[in-house]
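Okay, structure first, notes after.
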Protein chains: 2
Amino acid sequence: MGTVSFRLGLLGVAQDALYASRLASLELKPKHVALLCILRLRAAGSQMELAGLLGVAPSLVVLLADHLEERGAIQRVRDPADRRRQSLRLTEKGLRLLASATEVAAELDEELAAALPAADRAALSTALDRLLAASPHRS
Amino acid sequence: MGTVSFRLGLLGVAQDALYASRLASLELKPKHVALLCILRLRAAGSQMELAGLLGVAPSLVVLLADHLEERGAIQRVRDPADRRRQSLRLTEKGLRLLASATEVAAELDEELAAALPAADRAALSTALDRLLAASPHRS
DNA sequence: CCCGGCCGTGCAGCGCATGAATGATTCGGC
DNA sequence: GCCGAATCATTCATGCGCTGCACGGCCGGG
């Protein structure tokens, strides 16, 4: 199996599971972090838009947002221009929560780095960046 | 989110889902391919061992092996030395099936390569190799 | 020979995610 | 200005992958 995509899938799924377990103490899942991450750099217009960016069904965004709202990490604000839409806003608490989640990911990075020469680390990072930028649901 | 692990997880999960959908025509899932892949380069001693290598529960290996056996891709052979164990053997048909699955993955690689300079491609490949080699369930 | 432990297997349950149905809201045609 | 079609958020029922547990067959030491 010399294919990149297959190995990328294997490692990615494993990494996702690992990250999920480490995230348990924060009572979050990777998908929640992804949502917060998107909100941080581009304030979302609607949940539909988020569903597209995340690549999941709109009904799932509802559940994710519910959980984050209960936690006080985000606010649901009815768009005054179009009262069907809910604009999700990141709160201070949400920003701190995202920082904690990022911290956890940084710890994983260190463990990953232990098995990877510094040169490979940088190359991997830029490669992932470019793939993510070209990905259908970019973030 | 500058962390490598998080982006690796995102892309990996997406790639896995994409690969799964492309694999539908072969009536296989990525986990099946992973199993075949392991069998190809190290003939497995027991299903327990495979469960460890795949990082899944032993009862799942049963289902995966069932499906592959019905397809004639593998054979279950009772280990004569220890009749509790089942030695899984890759058949000719299984080898061809794995080749088809690899072909599908290669097509995905081309699509991936379209968004990635050749230099990055090679760097990504070696990085994934090293991470996989250092991974708890190495294959 | 028997008993504790391991292997494979069947089964029930859990969690994530989807798709269809509902209700509220907006927009376009006339 | 009104009415039907389209859109958004939400809920619910469903499917599916995976796990944990219990059972039966099989091994090795006492």
Side-chain angles (χ1 to χ4, degrees), chain A residues 9-10 12-21 23-24 27-35 38-39 43-70 74-89 137, chain B residues 9-10 12-21 23-24 27-35 38-39 43-70 74-89 137:
Chain A
L10 280 184
V13 169
Q15 197 68 25
D16 185 73
L18 186 59
Y19 188 42
S21 69
L23 230 40
E27 296 185 3
L28 285 181
K29 319 226 164 142
K31 292 267 170 71
H32 294 131
V33 179
L35 208 170
I38 293 179
L39 284 184
S46 70
Q47 295 184 192
M48 275 293 187
E49 183 185 356
L50 283 174
L53 291 174
L54 288 171
V56 300
S59 52
L60 180 58
V61 179
V62 175
L63 301 179
L64 294 174
D66 280 350
H67 189 225
L68 289 174
E69 193 177 25
E70 288 174 10
I74 64 172
Q75 276 181 330
R76 264 193 248 244
V77 184
R78 282 279 168 199
D79 184 344
D82 187 342
R83 304 232 312 281
R84 286 173 300 184
R85 299 186 176 171
Q86 301 259 39
S87 298
L88 302 188
R89 249 188 26 83
H137 12 276
Chain B
L10 280 185
V13 168
Q15 198 68 26
D16 184 73
L18 184 59
Y19 188 43
S21 69
L23 229 40
E27 298 185 1
L28 284 181
K29 320 226 164 143
K31 290 270 170 72
H32 294 132
V33 179
L35 208 172
I38 293 179
L39 283 185
S46 70
Q47 295 184 193
M48 276 294 189
E49 183 185 356
L50 283 174
L53 291 174
L54 288 172
V56 301
S59 52
L60 179 59
V61 179
V62 175
L63 301 179
L64 294 174
D66 280 350
H67 189 226
L68 290 173
E69 194 178 25
E70 287 175 12
I74 63 171
Q75 277 181 330
R76 265 193 246 243
V77 185
R78 283 278 168 200
D79 184 343
D82 186 342
R83 303 232 310 282
R84 285 173 302 183
R85 299 186 177 175
Q86 302 256 41
S87 298
L88 302 188
R89 251 189 22 86
H137 10 277

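First the proteins, then the strands, lettered A, B, ... as listed; each starts at 1. Worth knowing before you read on, the calculation uses all heavy atoms, side chains too, and leaves out hydrogens, waters and symmetry mates.
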Audit row: B/Leu68, B/His32, side chain to side chain contact (heavy atoms under 4.5 Å, CB included) steps and yes/no: CA-CA 7 Å; B/Leu68 290 173; B/His32 294 132; 4.2 Å; yes

Expressed as a whole number of angstroms, how long is the span from [X]:[atom1] to [N]:[atom2]?
X: B/Arg85; N: C/dC6; atom1: CZ; atom2: P; answer: 11 Å
X: A/Arg84; N: C/dC27; atom1: CZ; atom2: C1'; answer: 8 Å
X: B/Met48; N: D/dC27; atom1: CE; atom2: C1'; answer: 14 Å
X: A/Arg83; N: D/dT10; atom1: CZ; atom2: P; answer: 14 Å
X: A/Asp16; N: C/dG15; atom1: CG; atom2: C1'; answer: 14 Å
X: A/Asp66; N: C/dG15; atom1: CG; atom2: P; answer: 17 Å
X: A/Leu63; N: D/dA13; atom1: CG; atom2: C1'; answer: 13 Å
X: A/Leu60; N: C/dG15; atom1: CG; atom2: P; answer: 16 Å

N/O donor-acceptor pair under 3.5 Å between A/Arg89 side chain and A/Gln75 backbone: no

Side-chain donor/acceptor of A/Arg78 to backbone N/O of A/Arg84, under 3.5 Å: yes

Side chain proximity check, B/Arg76 to B/Gln47, heavy atoms < 4.5 angstrom: yes

Under 4.0 angstrom between B/Arg76 side-chain N/O and C/dT9 OP1 or OP2: yes

No-H, no-angle donor-acceptor pair, B/Ser59 side chain to C/dG8 base, under 3.5 Å: no

Residue whose closest nucleotide on DNA chain C lies nearer the 5' end, A/Asp79 versus A/Pro58: A/Pro58

Sugar-phosphate, base or nothing in reach of B/Val56, heavy atoms under 4.0 Å: sugar-phosphate

